[in-house]
2 protein chains.
Amino acid sequence: MGENTGTKAVTLSDVAARAGVSIATASKALNGRGDVAATTRARVRAVAEELSFTPNAMARGLLAGRTGTVGLLTSDLEGRFMLPILMGAEDAFGAGRVNVFLCDARGDAIREQHHLRELLSRRVDGIIVVGRQTDPRSSLGQGISVPVVYAYAPSDDPRDLSLTPDNVAGGRMAIEHLLACGRTRIAHVSGDPSYAAAQDRLTGARQALADAGLQLVGDPMFAEWSEHWGRDATALLLQRHPDIDAIFCGSDQIARGALDSARDLGRAVPDDLAVIGYDNWEVLAENSRPELTSIDANLQQLGRQAAQKVFEAIDGIDVGAGVRHLPVRLAIRGSTIARR
Amino acid sequence: MGENTGTKAVTLSDVAARAGVSIATASKALNGRGDVAATTRARVRAVAEELSFTPNAMARGLLAGRTGTVGLLTSDLEGRFMLPILMGAEDAFGAGRVNVFLCDARGDAIREQHHLRELLSRRVDGIIVVGRQTDPRSSLGQGISVPVVYAYAPSDDPRDLSLTPDNVAGGRMAIEHLLACGRTRIAHVSGDPSYAAAQDRLTGARQALADAGLQLVGDPMFAEWSEHWGRDATALLLQRHPDIDAIFCGSDQIARGALDSARDLGRAVPDDLAVIGYDNWEVLAENSRPELTSIDANLQQLGRQAAQKVFEAIDGIDVGAGVRHLPVRLAIRGSTIARR
DNA sequence: CTGTTAGCGCCTTCAG
DNA sequence: CTGAAGGCGCTAACAG
């Protein structure tokens, strides 16, 4: 641990004293404010550099009423949806010289309240609440003195602004891609049916099929978001409906399982059977045989936009309210279109 | 966005005025400091509650000289090793009522310097630097006025304190487990040989084999940390050395590929061939067929310990210096021992 | 028991 | 062009 550890930080008055000027002059010199003689300014700056003076952001914030600080309140860091959102937000804020307070509530409402208090006591200029599912979550309430934006999990209060991926459009996009590939006998294997994401994707899929005068082969199969289930469901499916030519999977994990079962049962992907996943989780999608076509929710983009909205709200711009469904995109790989 | 947005935060003097006491008395009443009449205290507390007063942490910090704030400087949020470490640290700090500033330098030294300055200007009480590989990284230097602890990627300066997983022990542990399972003809497939992690794990593996009077079958195979490589390498390996009875893989991704190839080539796992991975990345390890035995680096624990060390250093306790190699553990699943 | 006073480090008038 | 004074919100000594 550095030998300088514990040294008291140098203050503006240290710099002023060493430069032989008053604190006020030193302040002006360093901030380029007011009229200061060029020589004086240079001298002060040199001293500041020499002492490696760093202005105390707290003292500044106390005056300014702004801290240049934003709270990121996550419900569960573990979820893999958090990370890209967090990255996007951190990225956007970092570019604007704002720092991020990270708080993980571990999915616990009490801990969340606790963290909220802390963030407010630190006078963050704004808050982004990131949830782990797209199901609506309870609002933090309207009595908060700084702007709040909800990302991924929308707030259940329409007065709040929420950004969430458009799962209905994603479901539609998946089916439209399969149709474009000439598939017509399409089945659906998804995860936990209690998730809004599962229902929304199904809704979109059905819309797209209906638009083409088609419908799903068999009932949609729901259970859990795992490879195991993807394997089991697909085996069952191919036995019951051997004539299907495509499977729309509710997640990439399920799709990986589907690919495994298809291979076991001698069905060639994509020639004989097309498989499309959801999430575009690259570690899974790019390492399967064949590589997996998938729907990407643009989460990093979502995080960036959430940050953007918080910025605007801080600047007094009206960012509106309600749930915004952000567009998703298709990542095409070999599981739906033969390569080369 | 809440209708209260923009309202000026209520201050202690608001509370004091409304309660008909002086600011000092209000402060004492709320903090349980000094002697205050029980009735007064109750009244002040009621008013504070009513106005939903939140003390200004900045003003407090200004007096106390401590901010109750720690910086987490990551080099790359994307890496999956970051998340558990970050969680562990956030967890430990959260319990101690400390908040975390998250900064992602995106692997860029200039951005790192920039973030470091920001953290110092916010007067964080300490800093954890989290790297994405176990290769030593350049030190932030000794001129920093707060304690710094390096996690995962150790500092190249022995005067710094670094916590990193013990990859040598991990390699040894993997081999010892395979030996305990009765395997003797063991091969090694790993990732990018320029990673210290790859070399350290190999070193540990060789030590354990030597202790048993054995050696690796064939040369260790290095290329990249991917399923693709795991598949290709394993196919090659089984062709060149059909008599091997176990593969120690440098990552779970590689191990997943190994399982795939083994299945393709008709080798039964674990009866005919045992496979052990590294990282214990549960999404991969628990969804393979059979499930994957793996070495777990206890990263969340590592993050917690880093936080702990920072705490101690802040409290003036000497935490020492140098690189600490933290113990890893074995997660046994079906790829080395038949289930049931 | 309560209120007054003096700062923490910085920035912003406003005189000199 | 420079410096002295006031105050951001809060707490820690002191008086009263």
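None of the values given here were measured: they were computed from a predicted structure. Below, chains carry the letters A, B, ... as their sequence lines are ordered, and counting in each starts from 1.
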Is any side-chain N of the basic residue among B:Asp104 and B:Arg132 closer than 4.0 Å to the acidic one's carboxylate O? no
With a 4.0 Å cut-off, would you call A:Asp76 and A:Arg111 a salt bridge? no
Taking any heavy-atom pair under 4.0 Å as a contact, classify [X]: base, sugar-phosphate, or nothing.
X	answer
B:Leu63	base
A:Ala24	base
A:Asn56	sugar-phosphate
B:Thr25	base
B:Ile23	base

Counting just side-chain N and O atoms, does A:Thr11 come under 4.0 Å of either OP1 or OP2 of C:dC8? no
So does A:Arg60 get a side-chain nitrogen or oxygen closer than 4.0 Å to the phosphate oxygens (OP1/OP2) of C:dC11? yes
So A:Arg122 and B:Thr69, side-chain contact (heavy atoms from CB on, under 4.5 Å) or not? Walk me through it. CA-CA 10 Å; A:Arg122 295 207 185 278; B:Thr69 278; 3.5 Å; yes
B:Asp157-B:Ser139 side chain donor-acceptor pair, cut-off 3.5 Å: no
Assign each of A:Ala59 and A:Ser22 the nucleotide of DNA chain D bearing its closest heavy atom; nearer the 5' end lies the nucleotide of A:Ser22
